Number of protein chains: 2
Amino acid sequence: MIHLDQHERAELLRAIAHPTRLAVLEELRKGVRCVSDIKDLLEIPQPNVSQHLTILRKERLVSYYIDGKLRCYYLTRPSLVESLLDFLNGEYPVETLTHDEVCGSKAD
Amino acid sequence: MIHLDQHERAELLRAIAHPTRLAVLEELRKGVRCVSDIKDLLEIPQPNVSQHLTILRKERLVSYYIDGKLRCYYLTRPSLVESLLDFLNGEYPVETLTHDEVCGSKAD
DNA sequence: GCATCATATGCACATATGCGAATATCATAG
DNA sequence: CTATGATATTCGCATATGTGCATATGATGC
């Protein structure tokens, strides 16, 4: 088990907080993908894919195994990533609280 | 209900993905706080607090009501923020998958 | 060995971010 | 109207980030 401090939490979030990296994680969620798979699926240059994978690797969100000449990437912590992606994908109410609600229930 | 595209999801995450802003959200989670409360609690300069609050406001994560000369900030979407903070605070297993596990269960 | 395919790394450049310091705004009290 | 307290905004600067491009690495096949 691991506990992250505020700084580590921010770093983890920042690694995920990029449109391309979110897309990469969504793909890896569906299954193992090699770099050129991702490149073709997302239609971005191969070096760019590698750059983003490097960032995700640094946060230990993904890893890979070698299959012939391919590097097959997969989610290292699928439950963490999947719950976060689910969370982001989910529809959620924009429950803008009224002043009364805030003053009544949350003040201390 | 709202659905975010990949870019909006990244922006939302980036707004949260900062140590100070995480700390601000943790404070607001406990209750309503005015700017100088936050400044004192986090021990950072007041303009810096305002800067971070501006970013959080832009993502509609926080809002405020005026009480005399104070601006009392609160979480606009507490359930969203709280589940995300809980998620980050939670201990989670570092379930680094083995190659066999990945190849067996996730390949397609 | 050499050629090739798959991937990674380095560099250059533009843009974004974070922060301190100074200053502006804005409501309230007097 | 002026002063004051609370908060916001602007500016300047250092640093970080993102990307394209060229190139390096590394394994495989011949």
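Only a predicted model underlies this, so the values are computations on that prediction, with no experimental measurement involved. Within every chain, numbering begins at 1; the chains are lettered A, B, ... in the order of the sequence lines, protein sequences first and strands thereafter.
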Phosphate OP1/OP2 of [N]: any [X] side-chain N/O under 4.0 Å:
{"X": "A:R71", "N": "D:dG26", "value": "no"}
{"X": "B:Y64", "N": "D:dA8", "value": "no"}
{"X": "A:H52", "N": "D:dT19", "value": "yes"}
{"X": "B:H18", "N": "C:dC19", "value": "yes"}
{"X": "B:R14", "N": "D:dT17", "value": "no"}
{"X": "A:T20", "N": "D:dG18", "value": "no"}
{"X": "A:R57", "N": "C:dA8", "value": "yes"}

Nearest-angstrom distance from the residue atom [atom1] of [X] to [atom2] of [N]:
{"X": "A:L70", "N": "C:dT4", "atom1": "CG", "atom2": "P", "answer": "19 Å"}
{"X": "B:K39", "N": "D:dG5", "atom1": "NZ", "atom2": "P", "answer": "13 Å"}
{"X": "A:I16", "N": "D:dG18", "atom1": "CD1", "atom2": "P", "answer": "13 Å"}
{"X": "A:I44", "N": "C:dA8", "atom1": "CD1", "atom2": "P", "answer": "13 Å"}
{"X": "B:I66", "N": "C:dC26", "atom1": "CD1", "atom2": "P", "answer": "11 Å"}
{"X": "B:I38", "N": "D:dA8", "atom1": "CD1", "atom2": "C1'", "answer": "14 Å"}

Indicate if B:L28 and B:L42 have the same hydrophobic cluster label, given that clusters are the connected sets of ILVMFWY residues with side-chain heavy-atom separations under 4.5 angstrom. yes

Please determine which of A:V62, A:L61, A:L53, A:I55 meets the side-chain contact (heavy atoms from CB on, under 4.5 Å) test together with A:R21. A:I55

Measure from the side chain of [X], starting at C-beta and using heavy atoms only, and say which of [options] lies closest.
{"X": "A:S50", "options": "D:dG18, C:dA8, D:dT9", "value": "C:dA8"}
{"X": "A:Q46", "options": "D:dA8, C:dA8, D:dG5", "value": "C:dA8"}
{"X": "B:P47", "options": "C:dA6, D:dT7, C:dA22", "value": "C:dA22"}
{"X": "B:Q51", "options": "C:dC19, C:dA6, D:dT19", "value": "C:dC19"}
{"X": "B:T54", "options": "C:dT7, D:dG20, D:dT9", "value": "D:dT9"}
{"X": "A:N48", "options": "D:dG20, D:dT7, C:dC5", "value": "D:dG20"}

Indicate whether the side chain of A:R57 and that of A:Y64 have a donor and an acceptor atom separated by less than 3.5 Å. no

Can you name the nearest heavy-atom pair linking B:I16 to B:L22, along with the distance? O-CG, 3.4 Å

Give a yes or no on whether a salt bridge exists between B:D40 and B:R33, defined as a side-chain N under 4.0 angstrom from a carboxylate O. no

With sugar-phosphate meaning primed atoms plus P, OP1 and OP2, does A:S36 contact a base, only sugar-phosphate, or nothing at under 4.0 Å between heavy atoms? sugar-phosphate

